[in-house]
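What follows is one structure encoded as structure tokens, with my remarks underneath.
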Amino acid sequence: LGTPESQPLPPLSWRPDGRSLLSAAPQGGRPPRLWLHPVSGPPRPLTEESPALATGGLPSPDGTRILCRGTAGDWELRPLAGGPSRPVTGLRDGEKVISWTLDGKGLVIFRPSTLPLASERLTLATGQRTPFRTFSSRAFIGAYVNRIQLTPDGRSYALRAVLERSNLYLLDGVGGK
């Protein structure tokens, strides 16, 4: 797949039908827009240009909406058929979105800097949070988990953790009297 004018490929999200991908990308130095990348055929724009489309998004389970992040860091839902976007309330600074809930009425979110990693379901209509799943392992100690992928039913997952190891040495008698 290529992007308009052969730019580097931006982050992509599969649509639920598995026949196309979504991205947010600029064209010719202009503000980004949402693009549909069919598995076969050229990409086509889905939205008008908007500086608010800082990144590609996560399509809803029914494929009618996309969750994307604007340049100011705010989250919004955009209908793929066109029309105005709707802000997502209830997400806090530092939280990451793992996925949509299977019913498309909420998001599964987590805060990467906390252990054990506790995810929550955020109901979009109300902003209500309920515990979803805890990801716990001794292997996470000292690691920063920056991405979690869930299967659609939420029963299985894969995650990416960054672990930085270092050594601390105690030198006795160096520079002393």
Contacts of T151 that satisfy side chain to side chain donor-acceptor pair (under 3.5 Å) - sequence neighbours left out: D153
Can you name the closest pair of heavy atoms from P38 and P43 and give their distance? CD-CA, 4.2 Å
S60 OG to I66 CD1 distance, which is reported to the nearest 0.5 Å: 8.5 Å
Apply salt bridge (Lys or Arg N to Asp or Glu O under 4.0 Å) to R30 and list each qualifying residue two or more places apart in sequence or on a separate chain. E49
Does C68 reach the side chain of E76, with side-chain heavy atoms less than 4.5 Å apart? yes
Could you work out, with side-chain contact (heavy atoms from CB on, under 4.5 Å) as the rule, every residue matching P112, not counting sequence neighbours? K96, F110, Y144
With sequence neighbours excluded, residues passing side chain to side chain donor-acceptor pair (under 3.5 Å) with T64: D62
Contacts table for residues 80-93: side-chain donor-acceptor under 3.5 angstrom, sequence neighbours left out:
none

Indicate every side-chain donor-acceptor pair of residues 115-124 with a distance under 3.5 Å to a residue at least two apart or in another chain.
residue, atom, partner, partner atom, Å
S119, OG, R133, N, 3.1
S119, OG, R133, O, 2.7
E120, OE1, R129, NH1, 2.5
R121, NH2, D103, OD2, 3.2

In Å, rounded to the nearest 0.5 Å, how long is the span from CD1 of I98 to CD1 of I148? 4.0 Å
So how far is it from L77 CG to L107 CG, rounded to the nearest 0.5 Å? 7.0 Å
Listed by chain and number, what are the side-chain contact (heavy atoms from CB on, under 4.5 Å) partners of P61, not counting sequence neighbours? W100
